[in-house]
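FYI, the numbering just counts along the sequence from 1.
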Amino acid sequence: MPELISSEALLAIFAMAAMSYFCRASGFWMMRFVKPSPWVEAWLQSIPMAIMGAILAPVAIKAGWPEIGGFAAAFLTMRYTGRDMVGALAGVAVVAILRAVLG
């Protein structure tokens, strides 16, 4: 029976996964010792909204009214609740409802 993946490739994958985790974990660990400025704090707080907008805007522009309504619902929900996951769920719900209603 042929070998599906070589041991060297498997070792390389595990090594890359370990280094990726190390980079992320060490960044979180090091940031415990740094007090961000108010500007950096505001910037970090706005990242989820910017990412959601970057993902949804091209879809809303190319799509129809249900997607535009979902984009608006996601944006407004995120803006007023401050929770990106709640905004994403609201956007998905509005798109589903509008697609069902509008056909």
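- Note on residues 60-72: pairs passing salt bridge (charged side-chain N to carboxylate O under 4.0 Å, His left out), not counting sequence neighbours, are Glu67-Arg99.
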In residues 41-58, what donor-acceptor pairs under 3.5 Å come from side-chain atoms, sequence neighbours left out?
from: Ser46; atom 1: OG; to: Trp43; atom 2: O; distance (Å): 2.9

Residues 80-91, side-chain donor-acceptor partners within the protein, below 3.5 Å, at least two apart:
from: Thr81; atom 1: OG1; to: Thr77; atom 2: O; distance (Å): 2.6
from: Thr81; atom 1: OG1; to: Arg83; atom 2: N; distance (Å): 3.3

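- Nearest heavy atom pair, residue Val95 against residue Pro66, reads CG2-O, 3.4 Å.
- Cluster membership check: Phe71 shares its hydrophobic cluster with Leu76, using side-chain heavy-atom separations under 4.5 Å among Ile, Leu, Val, Met, Phe, Trp and Tyr.
- Atoms CG and CD1, on Leu98 and Ile68 in that order, are 10.5 Å from each other to the nearest 0.5 Å.
- No side-chain heavy atom of Phe75 sits less than 4.5 Å from a side-chain heavy atom of Met78.
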